[in-house]
Amino acid sequence: MTNTFQKQILPWMLPLLFLVIWQIISMLEIVSPSLFPAPTSVLESFYELVVSGTLLEHVQISLYRAFIGLLIGGAIGLLLGILNGWSTWSFYTVDTFVQMIRNIPHLALLPLVIVWLGIGEASKIFLVALGVMFPIYINTLHGIRSVNRGYIEMGKMYGLKGWGLFRHVYLPGALPSIFVGIRYALGVMWLTLIVAETIATSDGIGYLAMNARQFMQTEVIIVTIIIYALFGKLADIIAQFGEKKALRWHPNYRK
């Protein structure tokens, strides 16, 4: 019972308490309702957006951008991390260049990306891919290079080499670090998408928020913020689930 309370109930107590306090403040009109609408007003706006189909349309576009950007940037980061972690020649040839690019704030490239790629889908996907690539690259590189040398030598003693050594020794040893990179990259993904969709776009959740700002629709703005938060939490839950499944052999992930 205690374990169930800690895992399933306790994490949601603080958000529920926040909603209660929020509702009380709104009812007492401590802050103007136009600036800080009640949760019930936000819920009404959410219902209207769902019924009209507007929310679904913008959510689908944002999810498409996020997924494609994560797929492209994650694949590049993973492959570069594995290659540079596996090969010393590749590490000394490529890593310095990658680190130089990594230290440039990718969101600062937004004006240049718009000049290069315009305000279409390509610019948003490019920024998301660039943002998620580096956390996955760094953690994959760290994971590969941190594999216990004793395990590597033991694998070689059993005749493992090349792909077999990588599959049975390097990859399992690096997976915990790789999943840390994925979970961190998911946060960067939503942050990048929010900025890209609020500056240069005509659709998506970010555009919905900016359009609501022009008409002082505070309820809609809060709806978009909550959607971003829920998607971020959902993505983290999926990553945690995958982590537990992939690392069920690891002592730290056993029940």
Query raised in the report: Hey, what do you get for CG (L165) to CG (L171), rounding to the nearest 0.5 Å?
Result: 11.5 Å

**Report entry** Heavy-atom pair of closest approach, residues P176 and P172
**Finding:** CD-O, 3.6 Å

Report summary line: Output for pair (I72 CD1, F126 CZ), nearest 0.5 Å, gives 10.5 Å

Query raised in the report: Hey, quick one: are W89 and Y92 part of the same hydrophobic cluster, counting side-chain heavy atoms closer than 4.5 Å, chains of contacts allowed?
Result: no

Query raised in the report: Would you find a donor on one side and an acceptor on the other, under 3.5 Å apart, between the side chain of S45 and the backbone of S41?
Result: yes

**Report entry** Heavy-atom check, side chain of H58 versus side chain of L49, under 4.5 Å
**Finding:** no

Report summary line: When every non-hydrogen atom of S90 is compared with those of L83, the smallest separation belongs to OG-CG, 3.3 Å

Requested in this report: Report yes if some heavy atom in the side chain of T192 is under 4.5 Å from a heavy atom in the side chain of L107; otherwise report no.
Outcome: yes

Query raised in the report: Is it true that K124 and D203 make a salt bridge, defined as a side-chain N closer than 4.0 Å to a carboxylate O?
Result: no

Query raised in the report: Nearest heavy-atom pair of L141 and G85: which atoms, and what distance?
Result: CD1-N, 3.4 Å

Requested in this report: Would you check if Q240 and R183 make a side-chain contact, meaning some heavy-atom pair closer than 4.5 Å?
Outcome: yes

Requested in this report: Evaluate the side-chain proximity of L55 to I227: yes if any heavy-atom separation is below 4.5 Å, no if none is.
Outcome: yes

Query raised in the report: Out of curiosity, H168 NE2 to M154 CE, how far, rounded to the nearest 0.5 Å?
Result: 15.0 Å

**Report entry** Minimum heavy-atom distance between V42 and P37, given as atom pair plus value
**Finding:** CG2-CG, 4.2 Å

Query raised in the report: I194 and I222: same hydrophobic cluster, using ILVMFWY side-chain contacts below 4.5 Å?
Result: yes

Report task. Return yes if a side-chain donor-acceptor contact under 3.5 Å exists between S62 and E197, otherwise no. Result -> yes

Query - T224 side chain to I221 backbone, donor-acceptor under 3.5 Å - result: yes

Query raised in the report: Can you tell me how far the CD1 atom of I226 sits from the NZ atom of K233, to the nearest 0.5 Å?
Result: 16.0 Å

**Report entry** Stepwise side chain to side chain contact (heavy atoms under 4.5 Å, CB included) test for F134 and I101
**Finding:** CA-CA 9 Å; F134 296 114; I101 299 176; 3.6 Å; yes

Query raised in the report: Quick check: are there more than 12 heavy atoms from other residues, nucleotides or ligands sitting under 6.0 Å from CZ of F166?
Result: yes

Query raised in the report: Would a hydrophobic clustering, with Ile, Leu, Val, Met, Phe, Trp and Tyr connected at side-chain separations under 4.5 Å, put M210 with M216?
Result: no

**Report entry** Residue pair V188 / H106, side-chain heavy-atom distance below 4.5 Å
**Finding:** yes

Requested in this report: Please answer whether the main-chain N or O of P135 pairs with a side-chain N or O of N139 as donor and acceptor at a distance below 3.5 Å.
Outcome: yes

**Report entry** Under 3.5 Å donor-acceptor, S146 side chain and G143 backbone
**Finding:** no

Report summary line: Nearest heavy-atom contact between P39 and Q23 is CD-OE1, 2.9 Å

Report task. Taking the side chain as every heavy atom from C-beta outward, state whether M189 and L186 have any atom pair closer than 4.5 Å. Result -> yes

Query raised in the report: With side chains defined as the heavy atoms from C-beta onward, is the minimum distance between I125 and Y64 less than 4.5 Å?
Result: yes

Query raised in the report: Are the side chains of F91 and R145 in touch, meaning some heavy atoms are under 4.5 Å apart?
Result: yes

Requested in this report: Measure from the side-chain N and O atoms of Y228 to the backbone N and O of G206, and report whether any donor-acceptor pair falls under 3.5 Å.
Outcome: yes

Requested in this report: Take V59 and I205 through the side chain to side chain contact (heavy atoms under 4.5 Å, CB included) test and state the conclusion after the steps.
Outcome: CA-CA 6 Å; V59 164; I205 303 174; 4.1 Å; yes

**Report entry** Interatomic distance, L70 atom CG to I136 atom CD1 [nearest 0.5 angstrom]
**Finding:** 6.0 Å

Report summary line: Distance col, row I138:CD1 vs S177:OG, nearest 0.5 angstrom, shows 10.0 Å

Query raised in the report: Should I24 and L17 be regarded as members of a common hydrophobic cluster, given that ILVMFWY residues are connected when their side-chain heavy atoms come within less than 4.5 Å of each other, either directly or indirectly?
Result: yes

Report task. Kindly assign one of parallel, tilted or perpendicular to the pair W190 and F231, based on the angle between their ring planes and the thresholds 30° and 60°. Result -> parallel

Query raised in the report: Can you check whether I178's main-chain N or O pairs, donor with acceptor, with T140's side chain at less than 3.5 Å?
Result: no

Query raised in the report: L71 and M133: same hydrophobic cluster, using ILVMFWY side-chain contacts below 4.5 Å?
Result: yes

